Structures are given as C-alpha cells and as structure tokens.
Number of protein chains: 2
Amino acid sequence: MGETAGRSLRADAERSVRAILEAAERVLAEEPGASMEQIAAAAGVARTTIHRRFANRQALIEALASSAARQLARAVEDGRPDTAPPLVAMHRITANVLQVKSAWAFALELPADPDSEAAALHQDIARRCIAVLKRAQDDKLIDGAADLDWVRRVYYALLGESLRGNADDADPDTLATRIIDTLLHGAGPRA
Amino acid sequence: MGETAGRSLRADAERSVRAILEAAERVLAEEPGASMEQIAAAAGVARTTIHRRFANRQALIEALASSAARQLARAVEDGRPDTAPPLVAMHRITANVLQVKSAWAFALELPADPDSEAAALHQDIARRCIAVLKRAQDDKLIDGAADLDWVRRVYYALLGESLRGNADDADPDTLATRIIDTLLHGAGPRA
DNA sequence: CTTAACTGCATCATCGCTGTTGCGGTTCAT
DNA sequence: ATGAACCGCAACAGCGATGATGCAGTTAAG
C-alpha cells in the first residue's frame, strides 16, 4: 500500500511529500530515467529527504501512481457518472479527467503492478466508464451492436491524444466537446 | 545518418546488425531502461559486438528508430496512397502499418530528434497520410469541415490502441476494418 | 516551553552500466 | 588458400546513481 497506511505526518513533512510527488511527475514526464538528485532539486529538497520518505525509487513511483490514480478516480466521481444524463456525465467527466491527466500524465500512463492500489483504482474507473457508456447505449447515443470495451479504449485513446504536444492551450470544455463528438460520430459527414 | 552511410558490411556482420536491432526492439519494448548486456544476450551476441557497430547506446537507439521508420514508410508506400481509391488505400495502408507497428512498437514510439532521419521520414509519412485523408474528404467520406490534422492524430491513436495488450491475435484486415469504421463513423448508431 | 519530528549537509561504501582494448580463434570474400 | 574482417572473451578504468548514516540546526505540536 506504500505510504497510505503510515500514521499522520507532521505538517511540514506532508508538504515535503507533496512537493516531491509533484516534482517527480514534472521531471519524470520529461525524462523517465531521471535521477533522484534531479527530482530532489526540482522539489527544493535534499536527496536524502526523499529516501527518508520513500525507501526505493520503486516505492516513490508506486506512491506517485497511487496518488494520481486517486485524483483520477475523484475526477470521475465528480462527474456523477451514474445519476447525471449520459451525455452530461460524459462531458463533465471528460473535462475533469483532462485536467487531472494533463497534470499527472506520466504517473497515469505508468504500467501498474497488477496487485497495487493504482491498478485497483484504474480497474474501478474502467468499470464506471463502461457503465456510463452502457447508459449512453440505452439512450441510443451509441450503436446497440457496439463493443463497449472497444469504445472505452477508443475513448481513452482520444483523451490521451488530446493532451499531446501543446498541453493546455485550449480550455478543457472545448477539448471535451471535440472528444465526445469524435467518439460518437467519427470524422464522417454530419447528418 | 547513423549507420546508413558506412560501406557495405560483410555478410555475417550484416546478420549481427539485424539480430541486434531486432533484439533491441524486443527487449526495450518490455523494459525501456534495459542494459546493453540484456540486449546482447537476446541477440545471441557479445556485448562488445554491439559497441563495435554502434558507438553509443544513443547511436543504437537512433539506428533502431531509422530502421523502423524506413519500414513504416515502405508499408505506407505499398498501399499506393495517391493512386488507389481513398477507401482502398486507407484499408491497405492500415493493414500494412499494423503489421510493421506491431513488430516495431518501441522503435516507432520513440521521441525522434528533430533533425534525424527518422524524424524526416515520420514527417513525410504524416504528409502522405494527410494527402490520403484529403482525397477521402473530396470523395465526401470525411466531413468537409473536419480538421484533417485532428483526424490524422485520431487515426494514429486508433492504430496505437489496436495494438495494445493482445497484440496480434486478430488478423490485420479485421483490425483495419474496425479502425477505419471507427474513424469514419465513431461509436454512434449506424444509418 | 519543551520535546520530538523533521531537514540539510557531508560522507561513505557499493553497485551496475558504459565504453575501451588486446588477443586468439572463426568466418567470409576473392 | 590466403588475408582481411569479424567475433567472443576477459579485463580494465571510469562514471553516476543508489542507499545508508551521523550530526547539527530548524520547525511544528503538545
């Protein structure tokens, strides 16, 4: 479970942990093989401080993945996936997720160990995602014969593609609109 | 230019180079930070042999990227992108590219140095890709108001997504059909 | 205020990877 | 068949990253 279970840290220690995780995301996104030294520098912290909080590089990575996955789960939850109308939920969730994903791109694309907290969260998110798609299918927004798992994968791919290169030059809602539109209608001529 | 310009190698040396490049793809795909030792072992070659052919790890990576990019360009070319009917060309190119991309996934997703051979090839491929899409647009297969650069990016994303996980369990034509269908019509209900 | 937690700094040992060189044996080209 | 190219093996030096430790100074919590 990484750091989740440790008893509550002192206020400054908590700040350090956050700074380290944020710095790790920033640095590793640009250079996945970056050293602890570089991460420490970016966090405004001594390298030994990182080793005090995270035993291994591995442990740091896992904590990073867990933290990001929790934020992603929250972003989905905030979109009211199983109460709001499907189209509204999809739009809100997409906009929320885009923001989280642009801030934690590296951590979220990390190959998760099958029995880690992050993996469990991602699995739960995928479950909710398919549930929303199912509701959209019931509302005839998605073809009845469509393979929802493929649709979900396409949706994920569109999310990822929207964030490549110039990350946050457009606002999330504009990007979300384009994603949903592409997902539902593709590139073909409109009716 | 990497290794392209060196005078012709002896037959066994050429075999070694191919074995090394193929092993590098295989090993690095699973573990991007793998050591030269691991690559050498996978290639059935001594580590020093790699250093004889490629000065740096960097040089090896670049040669790998160039080699893969050349194969990809050839796969596109074989689809007759500017003579065959757009839909036919798209299908053929997609099927061809899927095969190359499944064999050289790591090398092709490598961030290319702006002034490398690989980058030039990828740029040329993107140019051809957009040309095909333009012809499809002229044939009313794609909406007249569509942003072709976005369409191309979506197409790339669909290609990538099709190969994740169980790589080659389905034949390329089936996958290609689904990709083109999704690209043109999305997940919405069919007419 | 007093104590315990936390941090920075300097240091140390260790490890694995890299890249090079030399040599003896093997394989290809002509 | 002969020479040049190639390969494996062993050894070496160098480098940077890792992770641990002790100590002195600072900060938060009760």
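Values in this document were obtained by computation on a predicted structure and should not be read as measured data. Below, read A as the first sequence line, B as the second, and so on, with proteins coming before strands; counting in each chain starts at 1.
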Closer than 4.0 angstrom, basic N to acidic O: yes or no for [X] and [Y]?
| X | Y | result |
| --- | --- | --- |
| B/Arg190 | B/Asp181 | yes |
| B/Asp12 | B/Arg15 | no |
| A/Asp139 | A/Arg135 | no |

With heavy atoms under 4.0 Å as the rule, sort B/Arg47 into base, sugar-phosphate or nothing.
base
Looking for any heavy atom pair under 4.0 Å, which part of the strands does A/Gly44 touch: base, sugar-phosphate only, or nothing?
sugar-phosphate
First encountered from the 5' end of DNA chain C, between B/Gln58 and B/Arg15
B/Gln58
Flag the pair B/Leu87 / B/Leu184 as yes when at least one side-chain heavy-atom distance between them is below 4.5 Å, and no otherwise.
yes
Distance in angstrom units between [X] [atom1] and [N] [atom2], rounded:
| X | N | atom1 | atom2 | value |
| --- | --- | --- | --- | --- |
| A/Leu9 | D/dT27 | CG | C1' | 15 Å |
| B/Arg57 | C/dG16 | CZ | P | 17 Å |
| B/Glu37 | C/dC15 | CD | P | 17 Å |
| B/Ile50 | D/dC9 | CD1 | P | 13 Å |
| B/Glu31 | C/dC17 | CD | C1' | 13 Å |
| B/Glu14 | C/dA29 | CD | P | 10 Å |
| B/His51 | C/dC17 | NE2 | P | 12 Å |
| A/Asp12 | D/dT26 | CG | P | 14 Å |

Please tell me which of the listed nucleotides, [options], lies nearest to the side chain of [X]?
| X | options | value |
| --- | --- | --- |
| B/Thr48 | D/dA10, C/dA5, C/dG8 | D/dA10 |
| B/Met36 | D/dG8, C/dT18, D/dA28 | C/dT18 |
| A/Arg52 | C/dT7, C/dC28, D/dG8 | C/dT7 |
| B/Ala13 | D/dG19, D/dC6, C/dT18 | D/dC6 |

At under 4.0 Å, does any side-chain N or O of [X] touch on OP1 or OP2 of [N]?
| X | N | result |
| --- | --- | --- |
| A/Asn56 | D/dT18 | no |
| B/Thr49 | D/dG8 | yes |
| B/Arg10 | C/dT27 | no |

Grouping I, L, V, M, F, W and Y whenever their side-chain heavy atoms are under 4.5 Å apart, do A/Val88 and A/Leu141 come out in a common cluster?
no
